[in-house]
Number of protein chains: 2
Amino acid sequence: MNSEGTLRHFNLRKTKIRIAVLDALAQSVGALSYAVLQERLIEFDRTTLYRTLLTLSDHGLIHKAYEENGESYYARCFGCSDQAHNHEHLHLKCSSCGGVECIEISEQLKRNLAQLPFQEINISAKGSCSTCEPV
Amino acid sequence: MNSEGTLRHFNLRKTKIRIAVLDALAQSVGALSYAVLQERLIEFDRTTLYRTLLTLSDHGLIHKAYEENGESYYARCFGCSDQAHNHEHLHLKCSSCGGVECIEISEQLKRNLAQLPFQEINISAKGSCSTCEPV
DNA sequence: ACTAAAAATGCAACAGTGTTGCAAGTAAGT
DNA sequence: ACTTACTTGCAACACTGTTGCATTTTTAGT
């Protein structure tokens with residue numbers, strides 16, 4: 001689904017910055033930091049960008065994939081709603097390029113994690129991303 | 001080992017704020033946020049507190065246990081050095097009291113994680129801490 | 001205990017993140 | 001096209017984290 005369709009599907013108004021943010025995240029291999037988003041979307045006020053990221057997060061269209069030293073990285077959600085998030089993946093911070101990537105985890109690991117009596121379980125790690133060290 | 005001994009062991013100078021930070025973290029059940037530390041250590045300049053947290057982290061005496069919305073939580077390390085960190089535990093952010101606790105993870109989960117080709121693997125989650133919901 | 005060198009501290013200043021209130025502008029249904 | 005509710009841009013603010021520099025403290029050697 002394209003960004004406009006996604007917004008309609010989530011009952012959100014179709015505005016320029018929302019489409020721009022969703023497009024930027026859709027086109028990116030990994031997650032994007034707030035700083036990079038702001039750079040790419042200079043035509044919008046930074047307050048608006050913050051509020052857009054909040055709105056899209058609250059409704060389950062995007063999620064904060066990673067946070068380190070006050071830098072937040074955002075990625076598009078797949079299979080999330082405003083009711084439940086489905087983030088059974090690992091967020092990898094690349095030691096080479098600094099990018100953040102979402103990595104699928106094994107079924108076994110998912111089962112292990114599912115046994116824990118907690119919610120919003122999040123795994124992050126550092127290493128080489130697929131761009132910097134192709135398989 | 002007490003805080004002064006720990007500092008000597010790591011070849012760090014024994015200063016008031018370092019002892020105060022280590023004592024505060026040692027006496028706390030869970031991790032403490034920068035804001036709380038600053039509150040408890042008002043007699044010191046906040047720049048000094050930041051630099052102290054950096055120094056203690058760099059040398060493996062403490063670690064940043066959790067970070068969310070720009071809030072950093074610090075905890076004492078056990079069995080870490082400036083060479084290698086041993087953080088095979090989960091950082092639980094309590095949904096009730098807001099505190100952050102370090103939780104031991106199962107051997108099976110440790111093995112699963114050890115198989116991943118990444119470093120500095122970190123798991124965080126939300127739920128009820130042991131104080132808010134005793135076992 | 002004294003001294004000198006090295007390290008740590010406090011202060012001022014700064015850049016960045018994230019938030020709020022409010023007036024003006026825009027989207028969407030009728 | 002009109003109306004209402006939502007969204008945006010702007011100004012202002014609080015907090016986090018960092019740097020440079022003068023001053024103070026720690027430590028090791030005498």
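Everything numeric here is computed off the predicted structure, so don't read it as measured data. So that the names make sense, note that chain A is the first sequence line, chain B the second, and so on, each numbered from 1.
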Atom [atom1] of [X] and atom [atom2] of [N]: how far apart are they, to the nearest Å?
X: A:D58; N: D:dT7; atom1: CG; atom2: C1'; answer: 15 Å
X: A:L41; N: D:dG9; atom1: CG; atom2: P; answer: 11 Å
X: A:I42; N: D:dG9; atom1: CD1; atom2: P; answer: 13 Å
X: A:N11; N: D:dT7; atom1: CG; atom2: P; answer: 11 Å
X: B:I17; N: C:dA7; atom1: CD1; atom2: P; answer: 19 Å
X: B:I19; N: D:dT27; atom1: CD1; atom2: C1'; answer: 14 Å
X: A:R18; N: D:dC6; atom1: CZ; atom2: P; answer: 11 Å
X: A:F44; N: C:dG25; atom1: CZ; atom2: C1'; answer: 14 Å

How is the hydrophobic cluster of [X] composed, in terms of its other members, when Ile, Leu, Val, Met, Phe, Trp and Tyr link through side-chain heavy atoms under 4.5 Å apart, directly or indirectly?
X: A:I42; answer: none
X: B:V29; answer: none
X: A:Y73; answer: A:Y66, A:V100

Open item on the list: Give me each pair satisfying side-chain hydrogen bond (donor to acceptor under 3.5 Å, both in side chains) with a member in residues 19-32 of chain B, each pair once, sequence neighbours excluded.
Closed with: B:S3-B:D23

- [ ] Can you run down the salt bridge (Lys or Arg N to Asp or Glu O under 4.0 Å) pairs that involve residues 30-48 of chain B, sequence neighbours left out, and say none if there aren't any?
- [x] none

Task: Pairs involving residues 118-132 of chain B, ordered by first then second residue, that meet salt bridge (Lys or Arg N to Asp or Glu O under 4.0 Å) (sequence neighbours left out) - done: A:E120-B:K126, A:K126-B:E120, B:E68-B:K126

Nucleotide N/O of nucleotides 26-30 of chain C paired with protein N/O under 3.5 Å:
| residue | atom | partner | partner atom | Å |
| --- | --- | --- | --- | --- |
| C:dA27 | N3 | A:R13 | NH1 | 3.4 |
| C:dA28 | OP1 | A:K14 | N | 3.0 |

- [ ] Using a 4.0 Å cut-off on protein heavy atoms (strictly under), produce a 5'-to-3' string for nucleotides 11-21 of chain C with B for base contact, S for backbone-only sugar-phosphate contact, and - for none.
- [x] BBB---BBBBB

- [ ] List for me each residue that meets side chain to side chain donor-acceptor pair (under 3.5 Å) alongside B:R76, sequence neighbours excluded, and say none if there are none.
- [x] B:T6

Counting only pairs under 3.5 Å, give me each side-chain donor-acceptor contact of residues 7-14 of chain A, with atom names and distances, residues two or more places apart or in other chains.
none

TODO: Check the pair A:I19 / A:N2 against side-chain contact (heavy atoms from CB on, under 4.5 Å), numbers first and verdict last.
DONE: CA-CA 9 Å; A:I19 295 168; A:N2 66 11; over 6 Å; no

Task: Criterion side-chain contact (heavy atoms from CB on, under 4.5 Å) on B:L90 and B:N122, from CA distance to verdict - done: CA-CA 7 Å; B:L90 178 152; B:N122 200 295; over 6 Å; no

Task: Under the salt bridge (Lys or Arg N to Asp or Glu O under 4.0 Å) test, residues paired with B:E67 that sit two or more places apart - done: B:K64

Task: Five-pair end axes of the helix from C:dA1-D:dT30 to C:dT30-D:dA1 and the angle they enclose, rounded to 10° - done: 40°

